[in-house]
Amino acid sequence: MCTLEKRGNNFLLTLIGDDEHRLNPNLIGEIRSALSQVRAQAKRGSVLIGQGKFFSNGFDLAWAESAGSGSSGFLHRLQHMGDGLKAIMVDLLSLPMPTIAAVSGHAAAAGFMLALSHDYVLMRKDRGVLYMSELDIGLTLPDYFIALLREKIQSPMVRRDVVLHAAKVKAEEAIKMGIIDSAHDSAAETLEAALRMGEKLALTARKWDGGVYAEIRKSSFPELCRVLELQSKTIVTPRL
Amino acid sequence: MCTLEKRGNIFFLTLIRDDEHRLNPKLIGEIRSALSQVHAEATRGSVLVTTGQGKFFSNGFDLAWAESAGSTGFLHRLHHMSGGLKAIIVDLLSLPMPTIAAVSGHAAAAGFLFALSHDYVLMRKDRGFLYMSELDIGLTLPDYFMALLREKIQSPMARRDVVLQAAKVKAEEAVKMGIIDSAHDSAAETLEAALRMGEKLALAARKWDGGIYAEIRKSSFPELCRALGLQSKTIVTPRL
């Protein structure tokens with residue numbers, strides 16, 4: 001499940017997930033629909049906050065496996081979810097406003113990628129970990145996962161610990177590793193901080209053209225955009 | 001608008017007078033002419049120091065001049081200045097000696113990039129800031145702008161704050177963000193420090209072949225050189 005509400009300048013997209021907190025085609029569709037609505041209602045000064053438990057178990061692998069023992073069914077469904085996640089990432093990269101992730105639980109694999117696809121990442125420090133579980137599960141990483149990790153996590157040793165150690169990284173360590181922006185005492189505190197940050201960003205965002213913001217964002221991740229086949233355009237209509 | 005003098009091993013390129021040192025075709029031409037002279041007179045142990053007079057190091061392209069040509073004329077003039085900046089960056093990347101920017105005041109947009117195109121960047125801490133103003137003005141960034149920022153600013157969060165917040169970064173913060181080398185008490189102190197650093201570099205540079213220095217420099221920025229269409233060559237004539 002995901003819900004969308006507006007609080008002041010902030011669009012608040014809450015990820016509740018289903019029982020298993022797994023990213024499956026239903027949830028992918030709901031998230032894309034919500035983002036489409038945000039886009040349509042965007043104004044100068046809008047900010048998106050994505051909050052909740054970012055799918056503690058990544059993709060819905062059980063759903064993929066239920067396509068039958070033949071590998072083609074499983075692969076086809078996994079690909080389908082992968083395409084869905086790619087589409088969400090494109091939606092977030094193209095969103096004409098600043099985006100903030102308020103991570104209030106575990107964020108694993110695809111869920112970790114979803115959180116990292118925001119401009120700013122805040123996380124609770126009392127519980128929850130960031131976790132690239134693929135090595136533990138026995139899956140390699142799609143190229144766009146690695147591209148996103150390389151764009152957002154600067155240190156090679158940190159990236160190694162994340163993908164080649166399948167490290168479970170708590171918030172305070174994530175700050176030291178340069179993965180997230182800040183850590184907060186509880187889920188409620190994390191959301192509060194995200195709302196405050198959103199209102200503060202909204203003050204400066206009011207003078208920005210959202211389309212220019214989105215194009216500059218895309219152009220700042222050329223490798224990721226190449227893998228996602230996402231073009232950025234030139235806008236040259238200055239306000240002097 | 002810019003002067004060139006030599007003191008010992010050090011070439012001083014100064015953007016004179018207390019104005020914004022806007023990179024219009026005239027100033028661009030003078031800078032290129034000066035760099036050409038430096039290139040021609042280079043000897044082993046030479047070093048370049050670039051600085052400015054007054055409140056601004058450089059406030060970027062002359063957008064007012066571009067605008068005065070009407071809307072189609074604007075694009076043409078902007079392109080023209082952008083071509084000029086590209087050429088200056090190529091000149092600096094190819095200069096057969098170490099280069100130091102002594103940032104004496106505000107450095108915005110193209111002016112910020114002009115500073116960052118030097119091997120070492122020193123800046124006054126008492127006044128002035130680094131500022132990628134494009135988001136505030138409503139312009140996207142040309143690909144070589146982003147390539148230079150990505151080569152020189154390692155942290156994705158620092159780059160985000162620079163281009164997606166249009167942050168006005170003072171010298172001490174710039175040091176923490178890994179954008180510049182050091183911060184100094186005043187413009188005079190900054191120039192003094194650049195002079196001392198230059199003399200020190202000159203001692204080591206005396207044993208270096210300037211051509212090799214330039215080729216190694218270019219090869220250390222492969223993405224930027226690709227965006228500029230700039231090749232580096234192999235030199236294999238070791239002194240054994």
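Here the structure is a predicted model, which is why all the values come from computation and not from measurement. Lettering follows sequence order; numbering is per chain, from 1.
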Open item on the list: Assess the residue pair R160(B) and D119(A) against the criterion (salt bridge (Lys or Arg N to Asp or Glu O under 4.0 Å)); give the C-alpha distance rounded to whole Å, side-chain angles, the decisive distance to 0.1 Å, and a yes or no.
Closed with: CA-CA 8 Å; R160(B) 172 200 65 199; D119(A) 299 329; over 6 Å; no
TODO: Evaluate the side-chain proximity of E223(B) to P222(A): yes if any heavy-atom separation is below 4.5 Å, no if none is.
DONE: no
Open item on the list: As a quick check of understanding, evaluate side-chain contact (heavy atoms from CB on, under 4.5 Å) for I216(A) and L164(B), giving each step before the final call.
Closed with: CA-CA 7 Å; I216(A) 291 177; L164(B) 280 180; 4.0 Å; yes
Task: Contact class of L75(B) relative to chain A, heavy atoms under 4.5 angstrom - done: side chain
Task: Donor-acceptor contact below 3.5 Å, side chain T140(B) vs main chain E215(A) - done: no
Open item on the list: Looking at K168(A), I'd like to know if its NZ atom is crowded, meaning that more than 12 non-hydrogen atoms belonging to other residues, nucleotides or ligands lie closer than 6.0 Å.
Closed with: no
Open item on the list: Please determine whether the number of non-hydrogen atoms from other residues, nucleotides or ligands lying under 6.0 Å from atom NZ of K125(A) exceeds 12.
Closed with: yes
TODO: Take Q154(A) and R159(B), measure what side-chain contact (heavy atoms from CB on, under 4.5 Å) needs, and give me the verdict at the end.
DONE: CA-CA 11 Å; Q154(A) 152 220 2; R159(B) 292 196 303 264; over 6 Å; no
TODO: Assess whether atom CD of Q231(A) is packed by more than 12 heavy atoms of other residues, nucleotides or ligands within 6.0 Å.
DONE: no
Task: Side chain, backbone, both or neither of T204(A) within contact of chain B (heavy atoms, under 4.5 Å) - done: neither
Task: Heavy-atom pair of closest approach, residues R150(B) and F221(A) - done: NH1-CA, 4.3 Å
Open item on the list: Looking at R160(A), I'd like to know if its CZ atom is crowded, meaning that more than 12 non-hydrogen atoms belonging to other residues, nucleotides or ligands lie closer than 6.0 Å.
Closed with: yes
Open item on the list: So V212(A) and L135(B), do their side chains get closer than 4.5 Å, heavy atoms only?
Closed with: yes
Open item on the list: Please classify the contact of L149(B) with chain A as side chain, backbone, both or neither, using a heavy-atom distance under 4.5 Å.
Closed with: neither
- [ ] Inspect the surroundings of NZ in K200(B) and state if more than 12 heavy atoms from other residues, nucleotides or ligands are less than 6.0 Å away.
- [x] no
